[in-house]
Q: 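Would you mind keeping the following structure in view while I ask a few things?
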Amino acid sequence: MAATRRPGRNHLFVPGPTNIPDRVQRAMIVPSEDHRSVDFPTLTKPLFEETKAVFGSTEGTIFLFPASGTGIWESALTNTLHRGDTVLTSRFGQFSHLWIDMAQRLGLNVIVQEEEWGTGANPQRIEEALRADTNHEIKAVMTVHNETATGVTSDIGAVRKAIDAASHPALLFVDGVSSIGSLPFYADEWKVDCAIAGSQKGLMLPAGLGVICVSQKALKAAESSSGPNDRLAHVYFDWADHQKQNGAGYFPYTPALPLLYGLREALACLREEGLENVYHRHAVLAEATRQAVAAWGLKTCAKEAKWNSDTVTAILVPEGVDAAAIIKHAFVRYNLALGAGLSQVAGKVFRIGHVGDLNELSLLGAIAGAEMAMLDNGVKVQPGSGVAAASSYLRENPLAKS
Ligand SMILES: *Cc1c(COP(=O)(O)O)cnc(C)c1O
């Protein structure tokens with residue numbers, strides 16, 4: 001009889017959902033409770049303050065929605081923009097594509113700068129487009145910070161500089177779903193008007209809690225609607241409804257209670273490690289992964305080192321090899337979940353997610369498993385080469401900065 005149980009722990013190395021620390025998992029085992037009770041704000045009020053740290057913000061306003069990251073994209077667009085408004089964005093992977101698709105379906109006029117997959121937002125092109133927009137038709141610039149499909153990180157500080165260099169008043173919306181909590185993010189310094197995060201990646205929680213950090217400028221944009229007809233419809237994601245209740249620690253509807261307890265614990269984990277150490281750990285683990293890829297003689301989807309993401313590495317398999325077969329085999333044979341190639345890169349890449357709660361040895365398990373799955377599928381890598389390269393890099397480079 002075929003076994004129905006996969007023994008041992010599943011090695012979860014998709015770039016979201018990510019591994020949940022045991023203490024965060026335990027913190028979510030709570031009885032249901034009255035979310036209108038006098039006690040409830042003891043949990044919630046500090047969350048609105050403490051969550052700002054992962055956004056690199058003290059000035060922003062946090063909203064917490066029972067939603068995934070996609071819902072928070074919608075929240076940013078619909079609260080601040082009007083039907084027919086023009087937005088400027090770049091497409092270089094499946095997530096930037098999906099956000100564009102949403103903006104178009106909402107009735108926005110989307111100017112898309114096509115960038116090669118494996119690269120990211122081009123600040124110079126953005127600046128040129130903004131300079132040419134002398135009437136300030138462009139109301140917002142939308143950028144995906146970390147394109148999870150290709151393992152590419154864009155330079156948001158440079159995008160901000162481009163907007164400022166053009167002296168353009170457009171809002172800046174940044175998708176930080178697979179970066180916030182794992183990669184350095186400075187919403188105040190970069191003047192990000194809507195910074196978008198989801199719970200199941202850097203925040204080490206299950207999916208279901210959408211988080212947005214909103215600037216004063218974006219809150220003003222949300223207030224100055226020019227009439228009900230040309231507003232983009234939004235009810236569930238309306239910030240004003242939340243603002244009326246959040247100050248006292250309540251929500252306009254039932255929050256996902258266990259996730260709020262989980263968020264409190266996850267933020268405590270990040271604080272105890274220290275955000276600088278968290279960011280450094282991701283940089284070291286990512287570099288170790290890239291050393292393994294180089295030792296295998298393979299290439300990443302990211303075209304140049306400056307695009308390398310420290311939360312996910314997309315690895316190009318040799319011509320004639322089906323990356324999907326490697327992913328399936330890794331799961332069935334070695335209980336290792338690798339990320340699939342999406343859309344344009346389907347079958348061409350597999351992804352190792354190194355985002356959230358992981359360390360040297362968990363990463364080495366994934367590298368060993370990827371290596372075995374590739375060998376089993378006819379990829380002629382030198383057995384042990386990836387593990388050797390990654391482990392020697394890790395021995396030289398401690399995870400903690402301080
Ligand atoms: C995962 C992800 C999303 C989508 O988030 P969901 O929580 O799946 O809705 C959006 N953008 C990026 C960059 C992501 O990695």
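Just the heavy atoms: all of them, side chains too, but no hydrogens, waters or symmetry mates, feed the values below. For ligands, and for the atoms within them, numbers begin at 1 and follow the listed sequence. For clarity, every value in this text was computed on a predicted model and none was experimentally measured.
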Q: Would you call Glu287 and Arg290 a side-chain contact if the rule is heavy atoms closer than 4.5 Å?
A: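 Heavy-atom side-chain distance check passes, below 4.5 Å.
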
Q: Under 3.5 Å between any N/O of Gly69 and any N/O of ligand 1: does that happen in this structure?
A: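 Yes, at least one N or O pair falls under 3.5 Å.
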
Q: Taking the six-membered ring of Phe92, is NZ or CZ of Lys303 closer than 6.0 Å to its centre and within 45° of its axis?
A: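 Ring-cation test returns no.
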
Q: Any idea which part of Trp99 is under 4.0 Å from ligand 1, heavy-atom wise: side chain, backbone, both or neither?
A: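 No part of Trp99 is near ligand 1 at this cut-off.
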
Q: Among all protein heavy atoms in this structure, tell me which lies nearest to atom 11 (N) of ligand 1, with the distance rounded to 0.1 Å.
A: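 It is Asp175 OD2, 2.6 Å.
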
Q: Filter on side chain to side chain donor-acceptor pair (under 3.5 Å), then keep only pairs touching residues 207-217, sequence neighbours left out; what's left?
A: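 Listed once each, the pairs are Asp193-Ser215.
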
Q: Which ligand 1 atoms are under 4.0 Å away from a heavy-atom of Ser68?
A: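 Selected atoms, number and element: 6 (P), 7 (O), 9 (O).
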
Q: Write out the residue and atom name of the closest protein heavy atom to atom 15 (O) of ligand 1, then the distance separating them to 0.1 Å.
A: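 Its nearest protein heavy-atom neighbour is Thr148 OG1, 2.4 Å.
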
Q: Looking at Gln200, which atoms of ligand 1 are within less than 4.0 Å of one of its heavy atoms?
A: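 Counting from 1, the qualifying ligand atoms are 6 (P), 7 (O), 8 (O).
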
Q: Report yes if the distance between the aromatic ring centroids of His242 and Tyr253 is under 6.0 Å, otherwise no.
A: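 Ring-ring flag for His242/Tyr253: true, centres closer than 6.0 Å.
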
Q: Any N or O of Thr70 that comes nearer than 3.5 Å to an N or O of ligand 1?
A: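 Min N/O separation from ligand 1 is below 3.5 Å for Thr70.
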
Q: Which residue and non-hydrogen atom of the protein lie closest to atom 14 (C) of ligand 1, and at what distance in Å?
A: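 Result: Lys201 NZ, 2.9 Å.
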
Q: Establish, yes or no, whether a centroid distance under 6.0 Å links the rings of Trp73 and Phe173.
A: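 Not under 6.0 Å, so no.
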
Q: Counting each atom of ligand 1 from 1 as listed, which ones have a heavy atom of Ser178 under 4.0 Å away?
A: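 Those atoms are 13 (C), 15 (O).
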
Q: Going by an N to O cut-off under 4.0 Å, is there a salt bridge joining Arg131 and Glu127?
A: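 Salt bridge between Arg131 and Glu127, a charged N being under 4.0 Å from a carboxylate O: yes.
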
Q: What side chain to side chain donor-acceptor pair (under 3.5 Å) pairs are there with at least one residue in residues 151-174, not counting sequence neighbours?
A: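 Counting only pairs at least two positions apart or across chains, the side chain to side chain donor-acceptor pair (under 3.5 Å) contacts touching residues 151-174 are Asp133-His168, Asn146-Thr153, Arg160-Asp164, Asp164-Lys191.
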
Q: Going by distance only, is there an N or O of Asn146 that falls short of 3.5 Å from an N or O of ligand 1?
A: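 N/O-N/O distance below 3.5 Å does not exist for this pair.
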
